[in-house]
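These notes concern the structure reproduced below.
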Amino acid sequence: MEVLPCTAGAKIHVIGFAPGDLLLEKIEEAIAKHNIENGAVISGIGTLKTCRLHYVKHTEFPPVNVFYTLSEPLELLSINGLIINGQPHLHIAVSKGEEKTWGGHLEHGSEVLYLAEIAILEFEGLSAERKYDEKLKISLLSGKG
């Protein structure tokens, strides 16, 4: 386990998305445009026309991801995760009315249907990075230095 203190303040960025926007791509664009090095997506709601996700297939190492696409009107129930070194790692939950709920790791190509709104909490003074573990074949959060 790694605990990383944030030694300074924080700033909130609220982002509105329009029909046809690609959710993850626009989040990455906002992160780059506003130079958000480290932060967290703390809230996200809206509707999606297409949702691309992945989940892990088994419990062994290295992980194997299963990718899938949902192409139907969906409610975006939640999106959250961390931004470390300007790179988002986000998870999402979506539903189709009363029928079904899906969740997983957000992938590129998820298209906004009507609108989406998210809030990013930018951490000032957090020294963090993801380091690749050769043995486990995954990147883990750690302090810089």
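Put simply, L106 and I84 are part of two different groups of oily side chains (I, L, V, M, F, W, Y) that touch within less than 4.5 Å, one to the next. F123 and V14 end up in the same hydrophobic cluster when Ile, Leu, Val, Met, Phe, Trp and Tyr side chains are linked at under 4.5 Å. Under the 4.5 Å side-chain heavy-atom criterion for ILVMFWY residues, a single connected hydrophobic cluster contains both I92 and Y55. Under the 4.5 Å side-chain heavy-atom criterion for grouping Ile, Leu, Val, Met, Phe, Trp and Tyr, F17 is not connected to L113 through any hydrophobic cluster.
Of the inter-residue distances, the one linking E111 atom CD with K49 atom NZ reads 5.0 Å to the nearest 0.5 angstrom. Atom CD in E107 sits 10.0 Å away from atom SG in C51 (nearest 0.5 Å). Taking CG of L141 as the reference point, atom CD of E129 lies at 9.0 Å (rounded to 0.5 Å). Atom CD1 of I31 sits about 3.5 Å away from atom CD1 of I83, to the nearest 0.5 Å.
A distance-only check finds no donor-acceptor pair linking the side chain of S95 to the backbone of K100 [under 3.5 Å].
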N/O donor to acceptor pairs below 3.5 angstrom from side-chain atoms of residues 32-43, sequence neighbours left out:
unit_1, atom_1, unit_2, atom_2, d
N38, OD1, N85, N, 3.0
N38, ND2, L126, O, 3.0

Give every donor-acceptor pair under 3.5 Å between a side-chain atom in residues 133-140 and any protein atom, sequence neighbours left out.
unit_1, atom_1, unit_2, atom_2, d
D133, OD1, K135, N, 2.9
D133, OD1, L136, N, 2.8
K137, NZ, E134, O, 3.0

Distance-only check: which donor-acceptor pairs under 3.5 Å involve side-chain atoms of residues 18-29, not counting sequence neighbours?
unit_1, atom_1, unit_2, atom_2, d
D21, OD2, A18, N, 2.8
E25, OE2, G109, N, 3.0
E28, OE1, H108, NE2, 2.9
E28, OE2, H108, NE2, 3.1

Solution key, residues 68-77 side-chain donor-acceptor pairs under 3.5 Å, sequence neighbours excluded:
unit_1, atom_1, unit_2, atom_2, d
Y68, OH, G103, O, 3.3
T69, OG1, R52, NH1, 2.8
E72, OE1, K96, NZ, 3.0

Result block: side-chain N/O donor-acceptor pairs under 3.5 angstrom for residues 56-66, not counting sequence neighbours:
unit_1, atom_1, unit_2, atom_2, d
H58, ND1, E60, N, 3.0
H58, ND1, E60, O, 3.4
H58, ND1, E60, OE1, 3.2
N65, OD1, H54, NE2, 3.3

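At least one side-chain heavy atom of L82 sits under 4.5 Å from a side-chain heavy atom of R130.
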Could you check I120 against I12 for side-chain contact (heavy atoms from CB on, under 4.5 Å), going step by step and ending with a plain yes or no?
CA-CA 6 Å; I120 296 174; I12 295 179; over 6 Å; no

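Minimum interatomic distance between I79 and G44 (heavy atoms only, all atoms of both residues): CG2-CA, 3.3 Å.
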